[in-house]
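All heavy atoms count here, side chains included; hydrogens, waters and symmetry mates do not. Residue indices begin at 1 and follow the sequence shown.
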Amino acid sequence: MTKRISLTAQAHSIIDKHLTTGEIAIDATTGNGHDTLYLAKQVGITGKVFGFDIQQQAIESTDSRLKSENFTNNIKLFHCSHNQIQHCIPTEFHGKIKVIMFNLGYLPGSDKSIITQTDSTLSALEQAIKLLVTSGVMTIAAYPGHSGGDTETNAIEQWHQQLDCKQYHVKTIYSSEKQTAPRLYIIQKN
């Protein structure tokens, strides 16, 4: 039996090919800080990572994870919704972001009733895509299997289908054939 690779591992594998030392990345949903730390390691001390989460617990967990690995100087965490991304990222970085990661749903190990919301996610995606540099990549892990996740995933599906195919290349990876299976959207700016 073939072992299935997690969507997060697949997102990291894709980002490995695009994000290098000295570049700028955003973790739009820091959660427990795994992706934020991964991005920080990719860009090194000369790069920059911005992280967002609406839950204080997530910001504290991410901050603790980063400090335990001595990544603090090149990281800026925002305790706010990802739909504030355009306002929080300094204007000198607009159009210069190489990678943006979204890992939607709920904070693992916490209250599963606190989830990313469709309206704020769509607003964040609209803002985020404008921040990407040419050849920049955005990954979106979506989870239609939990309450509210199906609505959010359907909205993301409709949103990415509206993107100009001359400007953006979109690929979807499904974790299985089930309708409720998690999926990963990869959007690259041409």
*Would you name the heavy atoms of His79 and Ile54 that are closest together and state the gap between them?*
NE2-O, 3.1 Å

_Least distance between heavy atoms, Gly148 atom then Ile115 atom_ = CA-CD1, 4.0 Å

Using distance only, find each side-chain donor-acceptor pair of residues 95-105 under 3.5 Å and give its atom names and separation, not counting sequence neighbours.
from: Lys96; atom 1: NZ; to: Glu92; atom 2: O; distance (Å): 3.3
from: Lys98; atom 1: NZ; to: Ser135; atom 2: OG; distance (Å): 3.0
from: Asn103; atom 1: OD1; to: Tyr143; atom 2: OH; distance (Å): 2.7

*Looking at CD1 of Ile129 and CD of Gln167, how far apart are the two atoms once the value is rounded to the nearest 0.5 Å?*
8.0 Å

*Kindly indicate whether the side chain of Val43, heavy atoms from C-beta on, has any atom under 4.5 Å from the side chain of Lys48.*
no

_Expected output: side-chain Gln158 to main-chain Ala155 donor-acceptor under 3.5 Å_ = no

*For Glu23 and Thr20, what are the C-alpha separation, side-chain angles and deciding distance, and is it a side chain to side chain donor-acceptor pair (under 3.5 Å)?*
CA-CA 6 Å; Glu23 293 183 311; Thr20 59; 3.1 Å; yes

*asked:* So, using side-chain hydrogen bond (donor to acceptor under 3.5 Å, both in side chains) as the criterion, who are the partners of Gln188 when residues are at least two apart?
replied: none

*Does any N or O in the side chain of Ser175 come within less than 3.5 Å of the main-chain N or O of Pro182, such that one atom is a donor and the other an acceptor?*
yes

*asked:* Could you report the tightest heavy-atom contact between Arg65 and Ser68, atom names first, then the distance?
replied: O-OG, 2.8 Å

_Between Thr153 (side chain only) and Gly149 (backbone N and O only), is there a donor and an acceptor less than 3.5 Å apart?_
yes

_Between Thr118 and Glu152, is there a side-chain donor-acceptor contact under 3.5 Å, judged purely by atom types and distance?_
no

*Donor-acceptor pair, side chain of Lys189 and main chain of Leu132, under 3.5 angstrom*: yes

*What are the two closest non-hydrogen atoms of Ala11 and Leu184, and how far apart are they?*
N-CD2, 3.7 Å

*In the single-linkage hydrophobic clustering (I, L, V, M, F, W, Y; side-chain heavy atoms under 4.5 Å), do Ile45 and Ile75 co-cluster?*
no

*asked:* By the ring-ring contact (aromatic ring centres under 6.0 Å, His included) test, which pairs, at least two apart or in different chains, include something from residues 31-51?
replied: His12-Tyr38, Phe50-Phe93

*Just jot down the salt bridge (Lys or Arg N to Asp or Glu O under 4.0 Å) partners of Lys41, sequence neighbours excluded, or say none.*
Glu69

*Output yes when a side-chain donor or acceptor of Gln42 lies under 3.5 Å from a complementary backbone atom of Leu19, and no otherwise.*
yes

*Hey, quick one: are Leu39 and Leu77 part of the same hydrophobic cluster, counting side-chain heavy atoms closer than 4.5 Å, chains of contacts allowed?*
yes

_Given 3.5 Å as the limit, does a donor-acceptor pair link the side chain of Thr62 with the main chain of Gly31, or not?_
yes

_Any side-chain heavy-atom pair of Val137 and Ile187 under 4.5 Å_ = no

*With a cut-off of under 6.0 Å to the ring centre and 45° to the axis, is Lys67 in cation-pi contact with Phe71?*
no

*Gap between atom OG of Ser64 and atom CG of Asn32 - 0.5 Å precision*: 10.5 Å

*asked:* With heavy-atom distances below 4.5 Å as the criterion, would you say the side chains of Arg183 and Pro144 are in contact?
replied: yes

*Using the side chain to side chain contact (heavy atoms under 4.5 Å, CB included) rule, take Ile14 and Ile173 through it: C-alpha gap first, then chi angles, then the decisive distance, then the call.*
CA-CA 12 Å; Ile14 290 159; Ile173 299 172; 4.2 Å; yes

*Report yes if the side chains of Thr180 and Asp150 come closer than 4.5 Å at any heavy-atom pair, otherwise no.*
no

*asked:* With rounding to the nearest 0.5 angstrom, report the CG to CD1 distance, Leu7 to Ile186.
replied: 9.0 Å

*Are side-chain heavy atoms of Ile26 and Leu131 found at a separation under 4.5 Å?*
yes

*Going by atom types alone, do Gln57 and Ser61 pair a side-chain donor with an acceptor below 3.5 Å?*
no

*asked:* Measuring only between side-chain heavy atoms, which start at C-beta, is Thr30 closer than 4.5 Å to Asp27?
replied: yes

*Measure the spacing between CD of Gln161 and CD1 of Ile156 and express it to the nearest 0.5 Å.*
12.0 Å

*Heavy-atom distance under 4.5 Å between the side chains of Thr36 and Val49, does that happen here?*
yes

*So, does Ser6 use its side chain to make a donor-acceptor pair with the main chain of Ala9 at under 3.5 Å?*
yes

*According to the ring-ring contact (aromatic ring centres under 6.0 Å, His included) rule, which pairs have a member within residues 149-169, sequence neighbours left out?*
His160-Tyr185

_How close do Ala128 and Ile85 get, counting heavy atoms only, and between which atoms?_
N-CG2, 4.1 Å

*With sequence neighbours left out, write down each residue that passes side-chain contact (heavy atoms from CB on, under 4.5 Å) with Ser120, or none if nothing qualifies.*
Ser81, His82, Asn83, Gln117

*Are there more than 12 heavy atoms of other residues, nucleotides or ligands under 6.0 Å from atom CG of Asp164?*
yes

*Would you find a donor on one side and an acceptor on the other, under 3.5 Å apart, between the side chain of Asn74 and the backbone of Gly44?*
yes

*Does CG belonging to Asn190 count more than 12 external heavy atoms closer than 6.0 Å?*
yes

*Report whether Met138 and Phe52 are members of the same hydrophobic cluster (ILVMFWY, side-chain heavy atoms less than 4.5 Å apart, transitive linking).*
yes

*Has the side chain of Asp63 got a donor or acceptor atom that lies under 3.5 Å from a matching backbone atom of Ile59?*
no

